[in-house]
Each structure stands twice: as structure tokens, then as C-alpha cells.
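Heads up: the structure comes next, in C-alpha cells.
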Amino acid sequence: MAERVPVVTIDGPSGSGKGTVAAEVARRLGWRILDSGALYRLVGYAARQAGVDLEDAAAVAAIARNLPVRFEGGRIFLGDEEVTRAIRTETAGNDASKVAAIPEVRQALLQWQRDYARPPGLVADGRDMGTVVFPGAPVKIFLDASAEERARRRHKQLKEQGIDVNLSGLVAEIEERDHRDRNRSVAPLKPAGDALVIDSTDLTVDQVVERVLEQVRRVLPQAVPGE
Ligand code: C5P
């Protein structure tokens, strides 16, 4: 079933604009969206709340298998606590990248992510959407941008959410997170062999969205609604 539902995967490092681009592409296509990073953020957040050592693979995996999570519109709840904003902090991003390096955690989230693929289609945003979770996806995008540009975008995004962080600290954190994501033994961040790589350093969000939709039109001509 999952393999027959069309999937567009959008992978890339943090701050590459994946989230914004994926949301807009999903809106234009009228498809569902999977923000897989949110799932890793939730696991990291829940583990920290439970006082679990983030390197204790068995304990963190047990948390991942039993996450009491609910998505309601744009809001996310863990049990009775709303965590929509709490999981967006840099600490939560870093915790996510630590728990994401644990194979049992990735395994625990695998089927859950695949279950998001339902008609009419899915746009999946993450690090391993095209390589591991949806290897049969007809359209795969790998979105990149320089570390400085990504830090600038992240800074702007956080500021808009009222979160004030120091830019040079952000560059260092982004580089540290990239390093961990690219060098981990399971599902490292890398473009799928058949992915279209887009460097967005000098492109606007609209230009990136257009390139992605062009690719969708080429591969799945009937998927893009007439404009
Ligand atoms: O995309 P986002 O910044 O929310 O992801 C947070 C972290 O979750 C990433 O740094 C990465 O370590 C991890 N992640 C992952 N695989 C995914 C999505 C996110 O390992 N598919």
C-alpha cells in the first residue's frame, strides 16, 4: 500500500529550508506532510523529561516505542502537555540528534513514519526519507545550503518565534549537529543516489518550491493541480 502512494522526499541538513519548502509543496499538491524531525525531537524531549540518559539506548528506545503523542491541527501534545514550541528549541534539536543516532530508536519510528503515506500522496521531510524510510519514492530531493546561510535562516526563524539566540553559537551548533548527522553509523544524512540535489544558498523559498514542483511534474505529471 505504502509503496503505491506517491511520495516526495525532501532531505537535507538543518536550516536548509526543508520544513518551509515541504509545507508549501504539500499545500500545492494537496498532500499530507510528515515532519519526521518532530518525531525525533519528541523522543529527545520525552527522554529528558523522564530523566533518562540520552545515551542509554534501551531506555530511550522504550520511550520511542511508547510515546503518548497527539497531533491536533498544528499543535503537538505529549500526554497532557502541549510541546509544540518546547520541541523547537536548539536544545531539543540537539537532543533529537543524539537520540536519532540510536538504531533502536530509528527502528521504533520506522513503521510509524511509513504509515503516513496515504492517498492522495505524502511529502516527507527529514534526513533519511529518500534513503531508508521511502527508498521507492518517485521524487527525491536533497536540499542543501552553506552552514552560514543555514545558521542565518535558523536565527531569523527562532527570532520570529520569540527565541533569542546568538548567531555565532548557532553556526557552531549547526556544524556540530551536521557532523553527528552525517557521520552516524545508521541512516547518516546523505543524498539518495537518485535524489535531485538543490543548493538553496542563493535561492528564495519560492524558487526552490518551483524546482521541486518541476521535478514532480516531470515524474508524476498528473499529480500537480493545474495553475
Ligand atoms: O529536522 P529537525 O531539525 O527537526 O531534526 C532534528 C534532528 O532529528 C536532526 O538533527 C536529526 O539528527 C534527527 N532526524 C533524523 N532523521 C530524520 C529527521 C530528523 O535523524 N528523518
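Since we're looking at a predicted model, the values are computed, not measured. Just so you know, ligand 1 is whichever comes first in the structure, and atom 1 is the first atom listed for that ligand.
In this structure, atom 6 (C) of ligand 1 lies nearest to the protein heavy atom Arg177 NH1, 3.6 Å. The nearest heavy-atom contact from the protein to atom 3 (O) of ligand 1 is Arg41 NH2, 3.0 Å. In terms of protein heavy-atom proximity, atom 16 (N) of ligand 1 is closest to Arg106 NH2, 3.0 Å. In this structure, the protein non-hydrogen atom closest to atom 19 (C) of ligand 1 is Gly37 CA, 3.5 Å. The protein heavy atom nearest to atom 7 (C) of ligand 1 is Ala96 CB, 3.7 Å. For atom 18 (C) of ligand 1, the closest non-hydrogen atom of the protein is Ser36 OG, 3.4 Å. Among all non-hydrogen protein atoms, the one lying nearest atom 8 (O) of ligand 1 is Tyr40 CB, 3.6 Å.
Using a 4.0 Å cut-off between charged nitrogen and carboxylate oxygen, Arg48 and Asp95 count as a salt-bridge pair. Using a 4.0 Å cut-off between charged side-chain N and carboxylate O, Glu149 and Arg153 make a salt bridge. Salt bridge Arg154/Glu90: present, at least one basic N to carboxylate O contact under 4.0 Å. The pair Lys140-Asp11 does not meet the salt-bridge criterion, since no charged nitrogen lies less than 4.0 angstrom from a carboxylate oxygen. Classification of Lys98 and Glu55 as a salt-bridged pair fails, no side-chain N sitting under 4.0 Å from a carboxylate O. Residues Glu175 and Arg182 are not paired through a salt bridge, judged by the lack of any N-O separation under 4.0 Å between the basic side chain and the carboxylate. Comment: Arg217 engages Glu210 in a salt bridge, judged by a side-chain N to carboxylate O separation of less than 4.0 angstrom. The existence of a salt bridge linking Glu72 and Arg75 is excluded, since no basic side-chain nitrogen approaches an acidic carboxylate oxygen closer than 4.0 Å. Of the charged side-chain nitrogens involved, at least one lies within less than 4.0 Å of a carboxylate oxygen, so that Arg180 and Glu176 count as a salt-bridged pair.
Short contacts between ligand 1 and Gly126, defined as distances under 4.0 Å to a heavy atom of the residue, involve ligand atoms 18 (C), 21 (N). Numbered from 1 in the order shown, with element, the atoms of ligand 1 that lie under 4.0 Å from a heavy atom of Met129 read 21 (N). Per-residue contacts place Ala100 under 4.0 angstrom from the following atoms of ligand 1 (heavy atoms of the residue considered): 12 (O), 13 (C), 20 (O). Listed by number with element, the atoms of ligand 1 under 4.0 Å from a non-hydrogen atom of Lys18 are 1 (O). Distances below 4.0 Å separate heavy atoms of Ser97 from the following atoms of ligand 1: 10 (O), 12 (O). Near Asp181, with a cut-off below 4.0 Å to any heavy atom, the atoms of ligand 1 are 9 (C), 10 (O), 11 (C), 12 (O).
By the 4.5 Å heavy-atom criterion applied to side chains, Tyr40 and Arg106 are counted as neighbours.
Ligand 1 has no nitrogen or oxygen under 3.5 angstrom from a nitrogen or oxygen of Asp35. An N or O contact shorter than 3.5 Å links Arg127 to ligand 1 by distance. For a threshold of 3.5 Å applied to N or O pairs, the pair formed by Arg184 and ligand 1 contains at least one separation below that value. Residue Asp128 has at least one N or O atom closer than 3.5 Å to an N or O atom of ligand 1.
Atom OG1 of Thr84 and atom CZ of Phe71 lie 9.5 Å apart (nearest 0.5 Å).
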